[in-house]
Amino acid sequence: MHPLLAVNNLVTQFVIPEGIVYAVNGISFRVNPGETLAVVGESGCGKSVSMLSLMGLIPTPPGKIVSGEAIYDGKNLLALKDEEMEKIRGKEIAMVFQDPMTSLNPVLTIGKQITEALICHLGLTTAEARERAINLLDMVGIPEAQRRLEDYPHQFSGGMRQRVMIAMALSCEPNLLIADEPTTALDVTIQAQIVELVLRLKQQRNMAVIWITHDLGVVAGIADRVNVMYAGLIVEEANVDELYESPNHPYTRGLLGSLPRIDRRRDRKLIAIPGSPPSLLVKPKGCPFRSRCPIGKEVCQMEAPKLRNVSENHRVACWIDISSGEQISG
Amino acid sequence: MIRYIIHRILQGIPLLFFISIILFLLMMNMGDPIATMGGRTTTRPADRERLKRQFGLDKPILVQYVYWLIGNDWTKIDLDGDGIAETKGQRHGILRGDFGYSLVNRGKPVLNVIGERLPNTLILMLAAELVIILGSLLVGVYSALHQYSFTDHFITTLSFIGYSMPIFFIALLSMYIFAVLFKRWGLPYLPTVGMFDPQIGKTTSQVLLHMILPVFSISAISLAAYSRYIRSTMLEVMNQDYIRTAKAKGLPKRQIIYIHALKNASLPIVTVIGLDLPLLLGGAVVTERIFAWPGMGRLFLDHVERADLPVVMGILMLISVAVVVFQILTDIVYAWLDPRIRYY
Amino acid sequence: MLTESTSNLLIDDLEAPPLTLKKLAWKRFTRHKMAMVGGLFLILLILYSFGGSLFVEEKYANLTNPPIRLSPPSLQHPFGTDTVGRDVLARTIYGGQISMIIGILAVIIETSLGILIGAVAGYYGGKIDSLLMRFTEAMLNIPEIFLLIVMAKFFGNKIPNLTLLGRTFSGSVVVIVVIIGLTSWMYLARIVRAEFLSIKENDFILAAKATGTSNGEIIIRHILPNSIAPIIVSATLGVANAILAEAYISFLGLGVQPPTATWGNMLDGANNYIESAPWLWFFPGLLILLTVLSINFLGDGLRDAIDPHSRAI
């Protein structure tokens with residue numbers, strides 16, 4: 001299948017007074033039309049930074065996209081001029097952010113914030129845009145949509161604000177929605193509603209979704225495929241079922257091991273991964289996971305492993321064969 | 001919203017009382033107002049006693065304050081010194097708009113004395129404020145959007161220098177450059193003293209011409225301070241999540257800056273400008289002195305010199321009222337701009 | 001947002017041994033090039049004013065010589081002479097000493113008052129707090145220059161000349177120090193009060209109270225050291241403001257009285273000589289500007305180094 005978006009060897013760094021932050025160290029992945037890709041990892045692993053890089057939302061300076069390309073619709077997003085990128089952002093690719101409390105402009109009405117993208121991208125008149133906005137708010141489940149257009153963000157609860165954010169993101173019917181931990185800041189009950197809402201809308205519109213999260217529980221429910229990121233690299237990618245069945249990277253195993261499961265025995269302890277991720281200020285050398293890895297060998301100190309195929313839909317970046325514990329040859 | 005405004009006004013009243021008490025206590029020791037009665041000849045001892053009683057200076061300070069505040073026409077005062085209060089008081093007190101009479105300008109009501117000078121100060125202030133707001137918005141927003149560029153560094157350094165500049169130094173320097181040196185070089189030069197050339201008369205163009213240097217001196221310093229402040233406020237706002245959202249929506253840069261960012265940044269800016277506005281009057285004292293501008297600042301200096309307490313007190317109270325009024329106005333504008341307070 | 005959160009996160013995660021607070025502050029300070037330049041300039045200016053007296057006697061600075069009045073800069077008088085023929089260079093040296101001493105002494109008064117009022121208001125709260133804060137607000141509402149002028153008249157000519165270390169100082173120096181201190185403590189009081197309000201809610205204060213520590217001891221030993229950063233920054237910037245205040249009030253002829261020179265009173269009347277004798281006002285004016293600028297740069301760097309959460313206004 002022809003991918004909707006293909007990212008190749010993306011490297012993003014930040015130059016700060018303390019040195020260089022190696023945030024994203026060369027990642028490649030693709031998103032097919034209509035599929036849901038989950039990107040999983042701890043905070044600071046570069047999952048948000050990589051998505052912001054694609055959208056051209058990294059503040060430069062201090063941020064810097066060092067290399068890479070992101071091909072969408074035959075165009076390299078990373079090389080587009082500002083004006084060309086403005087036409088894609090919000091219209092073709094939309095984004096929902098983590099914290100709905102701070103992501104809406106406090107001094108503009110919700111109506112203004114939803115309609116401005118419609119007016120700007122689709123050339124609607126103010127009246128048409130308002131009509132559309134009411135429909136959108138209806139669709140994401142905000143009661144009395146017409147009246148609420150005049151309200152300001154502080155008059156909405158967190159969950160409602162995230163619904164507004166989603167309505168805003170979907171307003172121009174994008175082909176790809178990037179959801180950057182959209183449920184993290186919300187109550188658990190609200191989280192489920194938001195997940196359900198996005199899934200429903202995705203199916204209605206045949207839209208592709210990249211769902212960034214550190215919550216493996218959410219991943220199992222929504223994703224078609226999963227990318228596991230660690231220290232600015234993709235360490236494992238697989239279909240969601242295959243990943244849960246046979247995780248190949250010790251880090252993925254660790255993540256799954258630290259996940260409470262209702263179908264397991266109560267007395268089984270949750271296992272935390274010992275240690276902490278490497279400093280992003282140090283130029284990466286060798287496998288980034290080596291200091292915390294239970295099965296690491298000498299080779300892991302020397303050179304970072306490349307992604308290798310485990311099966312047709314499953315790739316891992318590890319020098320060690322997880323079942324045998326032996327180093328991969330060649 | 002109306003309740004909020006009333007609440008703020010009610011807060012302002014006790015504050016003004018506090019200020020008036022502090023000022024009144026300071027006035028008590030500012031020099032002997034009847035020593036020369038604002039003139040050059042020393043007052044005769046017999047007159048002194050009479051004047052003391054007439055002005056109520058023989059009374060305890062609390063009584064003096066009450067007379068000043070609400071007047072003494074409701075009671076009788078002892079004018080001839082025989083210990084019997086027989087003359088009805090004449091004063092109405094500042095609460096009824098009676099600020100007393102100037103000593104220097106024999107018997108002229110204080111409000112008239114101030115009123116003659118106030119417009120001159122106001123045109124200077126308004127012109128300066130206009131230059132400051134427009135200029136600092138322009139400079140501040142520009143350097144925020146071009147952070148780390150050469151122009152930004154240049155502007156930042158320049159604004160630091162301007163911010164540290166004593167107003168008299170910039171006034172003297174600008175006079176020297178634009179009047180003295182320009183004249184010497186045969187260029188068109190600016191006038192330095194007064195409001196107009198007496199030989200031409202008080203025409204609009206004359207006043208405008210004479211305003212240039214004082215307005216420049218007053219605005220340069222605040223302009224520097226405000227552009228620094230606006231720059232940092234804009235930078236802070238541009239780093240907010242909602243600006244990222246606006247960018248993610250694909251809005252054009254101009255729309256993001258002028259609608260999303262500036263509206264938020266204007267909140268702290270309005271506060272600072274509103275609160276500082278009356279403080280510009282402080283700059284006016286020095287500026288008016290240097291440029292011989294016949295405004296309130298110079299009036300204040302002249303009358304402090306001659307211990308004309310009613311006028312000095314009147315000016316100080318008017319300024320304090322202006323400060324408090326501007327604080328309330330600022331709060332109202334802030335509330336009007338920020339829906340989080342408006343709908344409180 | 002992004003950069004800041006990233007960099008915070010990274011500093012937390014540093015594998016290298018974490019820097020001590022002092023080292024971190026020093027690192028942040030030295031990163032401020034302008035603050036370093038400001039500090040260097042300030043040292044030079046101090047050397048100029050205080051070291052200068054090794055080469056020029058004060059008597060010379062006050063020596064009037066009418067025949068050579070208003071002579072332009074020359075080899076003999078590099079900064080020219082003033083309206084009564086005194087050497088301007090020598091006067092800027094001695095004037096600088098007085099201006100800087102006034103700045104520092106005034107800040108000592110300002111800081112003591114600010115801390116006292118802020119601490120009492122913040123620590124005790126309630127009626128004392130609201131009374132003190134109304135007073136603070138009232139003082140803030142009268143533009144400083146007007147207060148200074150009124151107070152200069154209030155205290156003027158009431159203090160005799162002082163003799164200290166063999167030198168005679170005009171009593172007006174004391175007056176100026178006191179009135180600048182009395183009219184500038186309000187911002188610091190507010191800062192200290194806010195610090196006290198937030199720190200006194202901490203558990204370690206409760207613990208101190210529970211063990212019966214006296215209020216005074218809690219204020220001085222426990223809370224004050226924790227709010228020292230903003231106080232230092234405010235005091236540093238306060239010196240610049242005090243030097244400016246002295247200059248303004250002396251410029252208006254209400255400040256330090258001659259023959260004691262200050263940078264401010266050297267400017268008194270200079271606006272009558274804008275054209276004929278620019279050296280009269282140029283050199284003292286420039287020195288004031290340089291001093292204030294250096295202190296402001298220094299204070300800005302200090303703020304970033306030791307009090308990074310606050311913001312310049």
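Within every chain, numbering begins at 1; the chains are lettered A, B, ... in the order of the sequence lines, protein sequences first and strands thereafter.
Only the side chain of B/Leu316 has a heavy atom closer than 4.5 Å to any heavy atom of chain C. Residue contact with chain C, scored on non-hydrogen atoms closer than 4.5 Å, involves the side chain of B/Leu301 exclusively. Interface residue B/Leu173: backbone and side-chain heavy atoms are both found under 4.5 Å from chain C. Neither the backbone nor the side chain of C/Leu280 comes within contact range of chain B; no heavy atom of the residue lies under 4.5 Å from a heavy atom of that chain. Neither the backbone nor the side chain of C/Ala240 has a heavy atom closer than 4.5 Å to any heavy atom of chain B. Looking at B/Ile167, the atoms closer than 4.5 Å to chain C (heavy atoms on both sides) sit in the backbone and in the side chain alike. For B/Ile22, the part lying near chain C is the side chain, with the backbone staying farther off; criterion is any non-hydrogen pair under 4.5 Å. If you measure heavy-atom distances from B/Ile243 to chain C, you find no contacts under 4.5 Å at all.
Residue C/Ile274 comes nearest to B/Met175 through the heavy atom pair CD1-SD, 3.1 Å, listed as atom of the first residue, atom of the second, then distance. When all heavy atoms of C/Leu289 and B/Ser164 are compared, the pair lying nearest together is CD1-O, 3.7 Å. Heavy-atom minimum distance, B/Phe18 versus C/Arg134: CE1-CB, 3.6 Å.
More than 12 heavy atoms of other shown residues, nucleotides or ligands fall within 6.0 angstrom of atom OH in B/Tyr334. No more than 12 heavy atoms of other residues, nucleotides or ligands shown are found within 6.0 angstrom of CZ on B/Phe154. Around atom OH of B/Tyr189, no more than 12 heavy atoms belonging to other residues, nucleotides or ligands sit under 6.0 Å away.
Contact tally against chain C (heavy-atom pairs below 4.5 Å) for B/Leu16, B/Thr157, B/Val180: the top residue is B/Val180. Annotation: maximal heavy-atom pairing with chain B below 4.5 Å, among C/Leu286, C/Ile288, C/Thr291, occurs at C/Leu286. Chosen from B/Leu172, B/Ile19, B/Ile170, B/Ile21, the residue pairing most often with chain C at heavy-atom distances under 4.5 Å is B/Leu172. Counting heavy-atom pairs under 4.5 Å between each of C/Ile145, C/Asn296, C/Ile142 and chain B puts C/Asn296 at the top.
When side chains are defined from C-beta on, B/Phe169 does not count as touching C/Leu267, because their heavy atoms never get closer than 4.5 Å. Residues B/Val285 and C/Tyr248 have side chains not in contact (no heavy-atom distance under 4.5 Å, counting atoms from C-beta outward). Residues C/Phe282 and B/Tyr176 are not in side-chain contact: their nearest non-hydrogen atoms beyond the backbone lie 4.5 Å or more apart. Side-chain contact between B/Phe300 and C/Val150 is present, with heavy atoms from C-beta onward closer than 4.5 Å. For the pair C/Asn141/B/Ser320, no side-chain contact is recorded, criterion being any heavy-atom separation below 4.5 Å from C-beta on. Contact check for B/Leu26 versus C/Lys153: no side-chain heavy atoms found under the 4.5 Å cut-off.
For the atom pair CD (B/Gln327) and CG (C/Leu140), the distance works out to 8.5 Å, reported to the nearest 0.5 Å.
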Kindly indicate, with the supporting measurements, whether the criterion side-chain contact (heavy atoms from CB on, under 4.5 Å) is fulfilled by C/Leu293 and B/Tyr163.
CA-CA 8 Å; C/Leu293 188 61; B/Tyr163 172 67; over 6 Å; no
